[in-house]
There are 2 protein chains.
Amino acid sequence: MELDARKVTILKAIIKTYLETGEPVGSRTISKFSDLKLSSATIRNEMSDLEEMGYIIQPHTSAGRIPSDKGYRFYVDQILSEKDQEVTEMKELMIQRVDRVELLLKKLAQALAANTNYAALISGPQYHQNKLKFIQLSKVDVNKLLVVTMVEGNIIKNTIIDVKEPLRDEDLLNLNILLNSSLTGLTIEEINLGVITRLKEQAGLHGQVVDLVLNEVAEAIRADDEDLQIYTSGATNIFKYPELSDGEKASRLLRTFEEKDVLQDLIDEVNQNEAGSDTGIQVYIGDEMPVQGMKDCSVVTANYELGEGLRGTIGIIGPKRMDYEKVLGTLKNLMTQLDIAFKKEKGD
Amino acid sequence: MELDARKVTILKAIIKTYLETGEPVGSRTISKFSDLKLSSATIRNEMSDLEEMGYIIQPHTSAGRIPSDKGYRFYVDQILSEKDQEVTEMKELMIQRVDRVELLLKKLAQALAANTNYAALISGPQYHQNKLKFIQLSKVDVNKLLVVTMVEGNIIKNTIIDVKEPLRDEDLLNLNILLNSSLTGLTIEEINLGVITRLKEQAGLHGQVVDLVLNEVAEAIRADDEDLQIYTSGATNIFKYPELSDGEKASRLLRTFEEKDVLQDLIDEVNQNEAGSDTGIQVYIGDEMPVQGMKDCSVVTANYELGEGLRGTIGIIGPKRMDYEKVLGTLKNLMTQLDIAFKKEKGD
DNA sequence: GTTAGCACTCTTAAGTATCGAGTGCTAATA
DNA sequence: TATTAGCACTCGATACTTAAGAGTGCTAAC
């Protein structure tokens with residue numbers, strides 16, 4: 001059987017209606033759908049076909065139809081190939097200059113959740129191919145040093161380390177100059193044994209301190225990798241959708257949302273699949289969802305990039321009947337804004 | 001009517017049973033309660049009295065009794081005056097040295113939530129009477145300075161500021177020395193106009209930069225005050241308690257838990273009331289709860305102090321029938337641990 | 001003062017009847 | 001041949017009834 005124009009119209013009408021109401025859609029409802037001038041009986045026949053083709057489902061014998069995962073998929077693919085969306089007020093958020101990316105991301109998550117009425121999730125940028133931009137040791141106590149590192153994108157890390165024997169201010173100054181001249185501009189990966197050995201040689205007496213500092217820097221970076229930087233917001237929005245908010249499900253979902261590890265898995269999965277998509281936007285519907293415990297949901301993800309390998313993932317999680325059109329639009333728009341904002345930041 | 005020993009025993013038995021089951025408690029149940037050798041009829045009489053006195057409530061005519069807020073209050077006060085509790089494994093958490101208080105707090109919230117099976121909330125320490133411990137400017141770009149400030153308790157803030165005209169390295173060095181010698185050891189309040197004027201004089205040509213830096217420092221501090229530092233964990237634990245987890249209530253509760261402003265209100269309220277308590281531990285039951293939207297819950301709060309005015313609040317939020325004994329014990333214990341940990345840190 | 005006994009209340013669960021939205025099928029129609 | 005009207009049928013949702021059970025309050029006996 002073929003999916004002709006009329007079937008498509010009807011399928012779209014069914015899905016659209018279902019997205020709004022959340023209730024199974026009957027033939028009469030569609031028959032009254034403005035564009036179509038067909039009786040409910042005709043619609044019934046078509047619906048019967050569509051069901052046979054797997055695009056829609058009957059929850060029980062005498063109910064209307066709801067979209068199947070395949071139906072959603074069809075709908076989403078349609079939109080993906082169509083849309084370029086209106087501009088949201090999210091610009092405002094961008095206009096205020098942001099020094100710390102973390103803050104921006106937190107706010108973004110909030111804005112996304114508020115805008116879409118779904119749950120939003122943003123993974124912090126990975127220390128991927130980032131260049132070290134700046135490193136500084138400061139004495140904050142007789143035998144404590146504060147290590148400040150900063151990488152592309154102005155992401156700043158502080159660690160305090162203990163040194164056995166106090167450094168003189170002069171040595172500290174030299175050490176700082178040495179560290180910066182040796183390490184600045186290198187990616188984390190590029191700071192290899194060769195570089196380290198050379199560095200230690202040059203540090204002379206304080207080789208041991210350098211060792212400690214490097215350890216701590218590496219540690220800070222790794223620790224941060226583990227201390228997953230994932231910002232979430234609007235988890236409670238799921239209560240707006242009855243099909244998700246009944247006790248059992250809501251509980252499981254919210255629990256999942258609290259477990260950053262699981263979310264990290266989701267993001268990893270997304271990044272692996274990225275190849276298959278050109279816009280960088282992906283949609284997982286129902287069973288396509290990579291993580292357990294969210295099989296009743298859909299998630300729309302997008303990768304953002306703040307220049308030079310500093311990249312992360314944004315996700316919108318909602319019910320399967322989420323307003324894909326709006327979400328896809330918002331995300332696409334956001335990507336553009338991020339691009340512009342970062343370009344500006346850079347040229348600034 | 002008087003609350004004699006037997007009434008107290010029965011009241012306690014009722015509350016204890018209710019804490020476990022969450023179901024109204026009948027006279028027969030209490031009659032079977034080991035310590036008491038009374039028939040259900042006698043218990044009924046006593047229960048009738050207790051109800052008249054306002055300690056327990058009948059949800060409906062032919063149900064058992066549940067504790068009223070007054071009943072809980074009585075129970076909690078009893079415990080408060082009794083307990084000094086067993087040591088939890090929370091020590092482990094303390095033993096690993098923590099450089100950044102924020103991280104500690106985050107972990108603490110998680111540990112508390114996991115331990116108690118309630119929701120936990122920790123407010124970050126306020127910049128209260130804190131002494132500035134360290135300040136440093138670093139050039140990170142041709143016209144960008146990184147300002148690192150650190151106050152007692154090793155809480156570190158980074159801000160990036162733009163300067164109109166680039167500073168020479170030499171000037172920057174001097175400025176750093178000047179800033180540190182002038183400001184270190186002062187509380188935020190002590191950095192007043194007098195200090196600032198003197199500072200600017202000494203800075204000479206770079207008075208303008210100093211101005212900018214101070215603005216940014218103040219801004220950073222204030223911004224942080226607004227950007228409420230509240231860590232929460234275990235919000236989804238409420239699903240473990242049926243009386244909270246039915247749709248409407250759960251939604252409202254979780255929503256409240258997502259709104260850091262409201263939580264901040266709660267904490268402010270707690271800090272105002274602190275005078276009335278000697279241990280620093282307070283319990284709000286049901287309607288006593290200062291914030292709307294949590295009237296069905298109880299919250300146990302405690303103030304922690306990490307030396308010299310660096311203080312914050314810990315809260316455990318759960319159903320009215322929370323296991324007060326355990327929670328109070330855990331918190332009291334935690335306070336001690338924090339004390340020890342911080343003393344060690346300090347003497348280190 | 002305590003207890004046994006009993007009638008009474010009220011919730012909960014299970015069973016039953018009814019309603020209505022929606023279907024599938026058939027026969028009539030354009 | 002495609003569309004439509006008509007109708008019997010299905011099945012979830014809703015409301016109502018009933019029965020069971022837990023628990024009370026009261027009274028009278030111990």
Glu51(B) side chain, from C-beta outward: closest of dT23(C), dT3(C), dG25(D): dG25(D)

Sugar-phosphate only, base, or nothing, as touched by Ala63(A) at under 4.0 Å among non-hydrogen atoms: sugar-phosphate

Distance test, side-chain N/O of Arg28(B) to OP1/OP2 of dA4(C), below 4.0 Å: no

Value in whole Å for how far the P atom of dT4(D) lies from CE of Met47(A): 15 Å

Closest to the Ser48(B) side chain, choosing from dT24(D), dC10(C), dG25(D): dG25(D)

Base dT10(D) paired with Ser62(A) side chain (donor-acceptor, <3.5 Å): yes

Test side-chain contact (heavy atoms from CB on, under 4.5 Å) applied to Arg321(A) and Glu243(A), step by step: CA-CA 10 Å; Arg321(A) 64 172 177 106; Glu243(A) 70 267 40; 2.6 Å; yes

Student check: side-chain heavy atoms of Tyr284(B) and Leu266(B) closer than 4.5 Å: no

Ile43(A) CD1 to dT4(D) P, straight-line distance once rounded to whole Å: 9 Å

Distance-only donor-acceptor test, Arg44(B) side-chain atoms vs dG5(C) base atoms, 3.5 Å: yes

Ion pair check, Asp49(A) and Lys7(A), cut-off under 4.0 Å: yes

Phosphate OP1/OP2 of dG1(C): any Arg6(B) side-chain N/O under 4.0 Å: no

Protein-nucleotide distance (Ile66(A), atom CD1; dG12(D), atom P), rounded to Å: 14 Å

Spacing between Asp4(B) atom CG and dG1(C) atom P, to the nearest angstrom: 12 Å

Separation of dT23(C) P from Asp49(A) CG (nearest whole Å): 14 Å

Given dA4(C), dT3(D), dT23(C), the nucleotide with the shortest approach to the side chain of Thr42(A): dT3(D)

Per Arg65(A) side chain, nearest of listed nucleotides dA4(C), dA5(D), dT23(C): dT23(C)

Euclidean distance, atom CD1 of residue Ile10(A) to atom P of dA2(D) [Å, nearest integer]: 15 Å

Distance, rounded to the nearest Å, where Lys32(A) contributes NZ and dT4(D) contributes P: 16 Å

Ser27(A) backbone acceptor or donor facing Ser31(A) side chain under 3.5 Å: no

Short N-O contact, Arg73(B) and Asp77(B), less than 4.0 angstrom: yes

Short side-chain N/O contact from Thr61(B) to OP1 or OP2 of dC8(C), under 4.0 Å: no

Value in whole Å for how far the C1' atom of dA2(D) lies from CD of Glu46(A): 10 Å

Ser39(B) side-chain N/O to dT2(C) phosphate OP1/OP2 under 4.0 Å: no

Residue whose closest nucleotide on DNA chain C lies nearer the 5' end, Asn45(B) versus Ala41(A): Asn45(B)

